[in-house]
Amino acid sequence: TRRPLMLATKSTGQPDQLSQCLDFAQWAKHQEIRGKELTKLFMSTCSPSASAPKKYVDMCKGMESEMKVLEKDEDWLPAAACDVLLKYFRRSQVGSNPLED
């Protein structure tokens with residue numbers, strides 16, 4: 001049984017990235033996804049096309065290398081996976097809005 005998606009929102013009304021990620025990661029943990037399947041699942045959220053901007057490709061490569069470290073931990077923590085994803089997402093500034101912050 002899946003629980004309803006409960007997301008915190010920013011003052012702009014958009015879902016908070018950390019809340020979204022944690023909900024996804026906690027779902028994956030509940031499904032007992034680990035090892036290489038964990039990396040595969042998280043990287044399914046980052047699949048650059050041949051025409052993708054370099055900063056997006058670099059972001060995905062960095063995330064994948066750190067997720068491969070996390071996949072070795074059988075008792076991985078959802079917060080640790082989200083730290084990896086959000087760190088690379090913020091660093092890359094992919095999808096950032098110059099009018100925010």
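All residue numbers refer to positions in the sequence shown, counting from 1.
- Annotation: side chain to side chain donor-acceptor pair (under 3.5 Å) contacts of K61 (sequence neighbours excluded): none.
- Taking L86 as the reference, Q17, L18, R90 meet the side chain to side chain contact (heavy atoms under 4.5 Å, CB included) condition, with sequence neighbours excluded.
- The minimum heavy-atom distance linking S92 with K55 is given by the pair O-CD, 3.4 Å.
- In this structure, the salt bridge (Lys or Arg N to Asp or Glu O under 4.0 Å) partners of E66, at least two apart in sequence or on a different chain, are K87.
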Taking it one step at a time, do M63 and M59 satisfy side chain to side chain contact (heavy atoms under 4.5 Å, CB included)? CA-CA 6 Å; M63 283 173 31; M59 175 187 74; 4.0 Å; yes
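- Between D16 atom CG and D23 atom CG the span is 11.5 Å, to the nearest 0.5 Å.
- F24 contributes atom CZ, which lies 15.0 Å from atom OG of S19 (distance to the nearest 0.5 angstrom).
- If you take OH on Y88 and CZ on R91, they are separated by 5.5 Å, rounding to the nearest 0.5 Å.
- Every salt bridge (Lys or Arg N to Asp or Glu O under 4.0 Å) that D58 has, sequence neighbours left out, goes to K54.
- Among residues two or more places apart in sequence or in another chain, the side chain to side chain contact (heavy atoms under 4.5 Å, CB included) test is passed with S51 by S49.
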Distance-only donor-acceptor hits, side chain of residues 38-48, under 3.5 Å, sequence neighbours excluded:
from: T39; atom 1: OG1; to: M67; atom 2: O; distance (Å): 3.2
from: T39; atom 1: OG1; to: E71; atom 2: OE1; distance (Å): 2.5
from: S44; atom 1: OG; to: L41; atom 2: O; distance (Å): 2.5
from: T45; atom 1: OG1; to: F42; atom 2: O; distance (Å): 2.5

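- Smallest separation of non-hydrogen atoms from A80 and L70: CB-CD1, 4.0 Å.
- Legend: residues meeting salt bridge (Lys or Arg N to Asp or Glu O under 4.0 Å) with K29, ordered by chain and number and at least two apart, are D75.
- For E74, the salt bridge (Lys or Arg N to Asp or Glu O under 4.0 Å) partners two or more places apart in sequence, or in a different chain, are R34.
- Residue pairs that meet the ring pair (Phe, Tyr, Trp, His ring centres under 6.0 Å) test with at least one member in residues 65-85, sequence neighbours left out, do not exist here.
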